[in-house]
Amino acid sequence: MGDRIRLTVSVRPVSATTLRGFWLPFSGVYGVGTLRLAVERMVTLPGVARAVPAVVWQAERALAGPWRNADQDIARSLDEMAAELHATGPKQECGPLG
């Protein structure tokens with residue numbers, strides 16, 4: 001098995017009322033959460049009979065903004081993380097990340 005890329009998006013709508021106590025530029029609904037991109041690779045460890053998956057690269061972004069812009073914020077952050085993966089991520093002899 002080769003490298004596995006995992007994307008986790010955990011952004012949810014939160015009302016301005018719930019966020020009371022924080023300065024907010026407008027009342028309404030905000031998108032709050034995280035976006036994580038990770039590369040897993042099977043590795044062998046001494047004393048372990050089988051190869052196990054290990055995270056060999058990851059990036060995470062916190063997202064917070066108007067809910068109406070959440071999809072654009074997610075897409076922009078994912079583009080940034082994909083570029084970072086391409087530039088600095090794990091390398092292999094051949095394959096999609098090489």
Side-chain angles (χ1 to χ4, degrees):
M1 180 175 95
D3 291 347
R4 178 176 291 175
I5 297 177
R6 291 192 184 270
L7 172 63
T8 305
V9 179
S10 180
V11 178
R12 62 188 177 92
V14 179
S15 72
T17 304
T18 302
L19 297 171
R20 193 174 338 155
F22 295 96
W23 180 86
L24 301 172
F26 72 95
S27 62
V29 180
Y30 288 81
V32 177
T34 59
L35 182 65
R36 180 177 184 230
L37 184 64
V39 177
E40 291 181 353
R41 182 175 289 164
M42 298 302 287
V43 297
T44 55
L45 301 171
V48 179
R50 297 178 15 188
V52 295
V55 174
V56 296
W57 183 91
Q58 73 177 17
E60 189 168 327
R61 301 287 190 274
L63 298 175
W67 179 248
R68 68 180 177 271
N69 299 338
D71 57 343
Q72 294 139 357
D73 294 342
I74 290 168
R76 183 176 47 255
S77 292
L78 181 55
D79 285 346
E80 291 169 2
M81 290 189 301
E84 185 180 331
L85 171 60
H86 182 72
T88 66
K91 305 298 182 207
Q92 58 187 17
E93 292 295 319
C94 61
L97 298 177

Give every residue pair that meets the side-chain hydrogen bond (donor to acceptor under 3.5 Å, both in side chains) criterion with at least one member in residues 72-84, sequence neighbours excluded.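 Every side-chain hydrogen bond (donor to acceptor under 3.5 Å, both in side chains) pair that includes a residue of residues 72-84, provided the two are not neighbours, is Arg61-Glu84, Asp73-Arg76.
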
Glu60: what forms a side chain to side chain donor-acceptor pair (under 3.5 Å) with it, not counting sequence neighbours?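 None.
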
How would you list, by chain and number, every residue that makes a side chain to side chain donor-acceptor pair (under 3.5 Å) with Thr18, sequence neighbours excluded?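 Checked Thr18 against side chain to side chain donor-acceptor pair (under 3.5 Å); matches are Ser15.
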
Would Ile5 end up clustered with Val52 when hydrophobic side chains under 4.5 Å apart are linked, directly or stepwise?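 No; Val52 is not reachable from Ile5 via cluster members.
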
Cluster overlap Val55 with Leu37, hydrophobic side-chain contacts below 4.5 Å: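 In one cluster with Val55: Leu37, no.
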
Restricting to non-hydrogen atoms, name the atom on [X] and the atom on [Y] that form the minimum distance, rounded to 0.1 Å.
| X | Y | value |
| --- | --- | --- |
| Glu40 | Pro53 | OE1-CB, 4.1 Å |
| Val29 | Pro13 | CG1-CB, 3.6 Å |
| Leu78 | Leu35 | N-CD2, 3.7 Å |
| Ala16 | Tyr30 | CB-CE1, 4.2 Å |

Run the side-chain contact (heavy atoms from CB on, under 4.5 Å) test on Leu63 and Val32 for me, step by step, so that the C-alpha distance in whole Å, both residues' side-chain angles and the decisive distance to 0.1 Å come before the verdict. CA-CA 6 Å; Leu63 298 175; Val32 177; over 6 Å; no

About how many Å separate CZ of Arg4 and CE of Met42, when rounded to the nearest 0.5 Å?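 It is 8.0 Å, given to the nearest 0.5 Å.
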
